[in-house]
Trainee: 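Please read through the structure below; I'll follow up with questions.
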Amino acid sequence: MENKKRTYVEDVERGVYDIKDKDNAAYRSKAGLTEEIIRDISAKKNEPEWMTEFRLKSLAIYNSKPIPTWGADLSGLDMEHIVTYVRPNTDMKQTWDDVPEDIKNTFDRLGIPKAERESLAGVGAQYDSEVVYHSIQESLLKKGVVYTDMETAVREHEDIVKEYFMKLVPPSDHKFAALHGAVWSGGSFVYVPEGVEVDIPLQSYFRLNAPGAGQFEHTLIVVEKGARLHFIEGCSAPKYDVANLHAGCVELFVKEDARLRYSTIENWSRNMYNLNTKRCVVDRNGMIEWVSGSFGSKVSMLYPMSILRGEGAKAEFTGVTFAASGQHLDTGSKVVHAAPYTTSNINTKSISKDGGHAFYRGLMRVAKGAHHCKSTVSCESLMLDNRSKSDTVPIIELGNDNIDIGHEAKIGRISDNAIFYLMSRGISEEEAKAMIVRGFVEPLTKELPLEYAVELNRLINLEFEGSIG
Amino acid sequence: MSSIYETYRSERAEAYGKLSFPVWKRLGGDGSPAMAIAPEGSMILSGDGQAALAAGPVEMLGDRAALEVSRRYGVSEKHTALSEAYSNCGLAASAKAGQHAGEPVHGIFTLDGVHPMALDHNVVAAEAGSRMTVVLDYQDKTGGGYHNGVAKLHVAAGARLDVFILQDLAADSTHIQSTVAVVEAGGEMRLASIDLGGGTVATDVTVYLEGDGASCAINGIYLGDGSRKLDLGYNIFHVGRHTESSILVKGALLDESRKVFRGNLKFEKGCKGAKGSEAEYAILLDERVKADAIPALLCDEDDVSGEHAASAGQVSSGQLFYLMSRGLSEREAKKLIIHASFAPVIDSLPDPALKERIEAVLERRLVHDLR
């Protein structure tokens, strides 16, 4: 039996991400979930009455639902001991220099201020449960763009928040949405008024530091008619023994003729349970573009969902999932065509190696009456050894006949034809394979900001000595 | 009835009693019979006299090993136990090693006033190096019938087995069919499934490609009209190395019919060099239809090639235009296009009389549907 040499893909370089800061939190709520804790959290945030009530209602829903048994194994989650609210030692700052030294160090090491200097419009960085730093360029402020933390938004833009908050992902949606509704903390609020085009991306970066803490940030973005926005979200947390939980929520509202691009790199540490819920609703002729890279966490269950509610609405999804040893990444995308003439384009890639388990789970639903819809879904999996698992389960539900739907998926190794073609052009076999694997993830890499793209390429450090098979 | 078969039945009856019917989310209901279990079904067997094989009613089967499948399969455990325990008809056919059976073994199961319920239990084995064709043919004279069938197929090393399962039941009859096949080294199985009838149709074809080089090719066609509901499941397990499989299902849906296609292609760890593909194409002809597809690919082995494709849509407007420009009416053109889609499977039927019969059914239904 020949000894097949394999494509070698280096593990994610976690050095800079796994540095732990001494736990210096100003306040820590008691472990576990009780009404008292919820009221406590709400009081400390100076929230209006309706938000406190909302949290308590969500807690009740949370207690009434069981932990889901489908998808990845969540038995390692110990909800009683995850401290839900940890507030770092600082108030929100306007410039980077005002942020406390140790918190600044963490973000410096992660490259955030550099990113800002390099022409990003505004950066919000979240350290544990509060948004530490926000800034927004003058010109955008003048145009009426609001970019602030979620708590400030609840106080200063109450009407808008009340109209949209957890309407797209209600607490009743699932257990972790209910949990989120009860203990949400931090996150970004972005409001782009009608016709305003934000040419430079806005970026938020989350970090989870205290052992046992859970992240429950809420991102709410409203892009009004004809407006344009690109929003980038990145996350990381250092590795701990205690199970960590991320149950954040992202709600995106794209109005008529508006356009939103939402890019994420999820790079949580290898003991994290990442149970994030992301949903977008698109009105007439609007468009949402998701760019999503999942390569962290111990367990992820993440299915960004697009609801195409207005005629001519469009959704595009480009995603890469990378599951290495000990990881079970159950990710995918959901699209609902709820209006005629809507289109969607889903392109996902997954790589699994060293016993990692990558699972693509997708839903493509066309409602009755949503005629003239077009959709293509393409999912490809690259398995780099036979210790890993790669599964693809797409569900296609069509409610009328006037549609044009195609779905395809491929699992396997690197195409022999592609290698032959490149070699016939004078490229060595090793380099050809390296090019192909880089090309495999290119749809994502090219959409990412530079530092993330570099990270992704570093991740794929290929030493080709022979083919996969 | 052989004593072995009787013992087997009573064991299965005990298991049946402990199970419950499934809850069908997409089809609705649970596929349980609305009538008492009928002690007799109607089966007419032909092609059983050939020297190259041994065939007869399943009750005479004395080989316990052939009855046991010991692997997961079937529309549901309750349904398979139902026909294993209370079978009222069924055939057992076994092709002798190295022999080629020239004529197909043809079992005709009819639902009628006297036999409203067919619980058939069929056991087919192609021994090493043999060749055999089996046709399971389900017909309906009166409507309101219930068919729940089990077919166990075993293909030994280097053998070739061709199976045709066809049904044209009435629009208020139920058709439930659980088929399981185990294919050994170098064995080849071809299965064609023709689902033209039934009001509630639930089928499951599960194939274990266990020996190195084992292969299977599955072709299916289905026609849904009125308010028929179909749930068609196909599961292929690639276990041995260099195994090959292909699933190709084509269908047409009209009126308020609905279908769900489930294709599970599983590559078990160690099945190096395996190749599998599944594809499903549905032609949708009414805005009220519902078409669901879940083409899954589950992979534990990297040295394989797996692909799946699913597409659904109306009749190609280009094709339609071309045919109409040749003088055909829109209705005739649609009929022709659907017919062409189904032709490869119908052409593969082993018996000209069978081919004619199925063509006639299709013609009648399409003329009526595309009025």
Side-chain angles (χ1 to χ4, degrees), chain A residues 1-2 4 6-7 350 352-353 355 357-366 368-371 373-416 467-469, chain B residues 25-26 238 241 252-317:
Chain A
M1 177 114 57
E2 345 79 278
K4 288 227 158 88
R6 308 224 120 84
T7 308
S350 69
S352 54
K353 68 169 247 200
H357 187 173
F359 201 115
Y360 171 83
R361 201 184 290 272
L363 173 68
M364 216 287 296
R365 177 182 295 159
V366 176
K368 204 161 138 111
H371 53 86
C373 287
K374 283 205 188 52
S375 173
T376 54
V377 179
S378 148
C379 26
E380 283 178 53
S381 302
L382 194 58
M383 286 177 69
L384 296 175
D385 57 50
N386 72 349
R387 288 195 300 287
S388 318
K389 283 163 77 81
S390 180
D391 301 329
T392 309
V393 181
I395 302 182
I396 303 162
E397 293 177 356
L398 307 176
N400 79 80
D401 68 331
N402 197 344
I403 41 86
D404 184 358
I405 303 293
H407 173 100
E408 59 177 48
K410 283 207 271 280
I411 285 185
R413 46 198 164 139
I414 297 176
S415 152
D416 292 336
S467 69
I468 297 176
Chain B
K25 189 178 96 170
R26 287 175 204 266
H238 284 258
R241 295 171 302 170
L253 292 181
L254 302 93
D255 307 324
E256 299 173 294
S257 59
R258 52 188 301 183
K259 66 97 184 167
V260 49
F261 164 82
R262 302 169 199 274
N264 291 309
L265 210 46
K266 174 95 205 270
F267 293 94
E268 302 283 11
K269 184 155 157 183
C271 69
K272 294 185 181 310
K275 271 208 264 231
S277 72
E278 56 177 305
E280 196 243 345
Y281 304 110
I283 299 175
L284 311 178
L285 292 155
D286 190 303
E287 62 175 17
R288 296 169 294 165
V289 304
K290 265 192 74 76
D292 295 349
I294 310 175
L297 263 179
L298 309 164
C299 199
D300 286 5
E301 169 60 54
D302 69 320
D303 186 7
V304 301
S305 144
E307 39 185 67
H308 67 213
S311 87
Q314 298 173 321
V315 165
S316 146
S317 53

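In what follows, every chain begins at residue 1, and chains take the letters A, B, ... in the order their sequences are listed.
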Trainee: Looking only at heavy atoms and a cut-off of under 4.5 Å, which of I294(B), L297(B), L298(B) has the most pairs with chain A?
Mentor: L297(B)
Trainee: Select, from A296(B), S305(B), A293(B), the one with the greatest count of heavy-atom pairs under 4.5 Å involving chain A.
Mentor: A293(B)
Trainee: Provide the closest heavy-atom pair for P394(A) versus P295(B) in the form atom of the first, atom of the second, distance.
Mentor: CD-O, 2.9 Å
Trainee: Taking all non-hydrogen atoms of both residues, which atom of A312(B) and which atom of L398(A) are closest, and how far apart?
Mentor: CB-CD1, 3.4 Å
Trainee: For M383(A) and D300(B), work out which heavy atoms get closest and say how close.
Mentor: CE-C, 3.8 Å
Trainee: V393(A) versus N264(B): any side-chain heavy-atom pair under 4.5 Å?
Mentor: no
Trainee: Are the side chains of N402(A) and E287(B) in contact, using a 4.5 Å heavy-atom criterion?
Mentor: no
Trainee: Select, from G406(A), S381(A), S390(A), the one with the greatest count of heavy-atom pairs under 4.5 Å involving chain B.
Mentor: S390(A)
Trainee: Let's test your reading of the structure: which of G270(B), G276(B), G313(B), A310(B) forms the most heavy-atom pairs below 4.5 Å with chain A?
Mentor: A310(B)
Trainee: Enumerate by number any residue of residues 277-285 of chain B whose heavy atoms lie under 4.5 Å from heavy atoms of chain A; in the absence of such residues, state 'none'.
Mentor: L284(B), L285(B)
Trainee: Just by distance, do the side chain of N400(A) and the backbone of R288(B) share a donor-acceptor pair under 3.5 Å?
Mentor: no
Trainee: Using 0.5 Å steps for rounding, measure from the CG atom of D391(A) to the SG atom of C299(B).
Mentor: 7.5 Å
Trainee: Quick one: pull up CD in E301(B) and OG in S388(A) and give me the separation to the nearest 0.5 Å.
Mentor: 10.0 Å
Trainee: Only counting residues at least two apart or in another chain, list the ones meeting side-chain hydrogen bond (donor to acceptor under 3.5 Å, both in side chains) with H371(A).
Mentor: none
Trainee: Who pairs with E380(A) by salt bridge (Lys or Arg N to Asp or Glu O under 4.0 Å), at least two apart in sequence or on another chain?
Mentor: K349(A)
Trainee: Taking the side chain as C-beta and beyond, is there a heavy-atom pair between H407(A) and H308(B) under 4.5 Å?
Mentor: yes
Trainee: Who passes side-chain hydrogen bond (donor to acceptor under 3.5 Å, both in side chains) against R26(B), sequence neighbours left out?
Mentor: E397(A), D292(B)
Trainee: Quick check: does any side chain N or O of D401(A) sit under 3.5 Å from a backbone N or O of D286(B), one acting as donor and the other as acceptor?
Mentor: yes
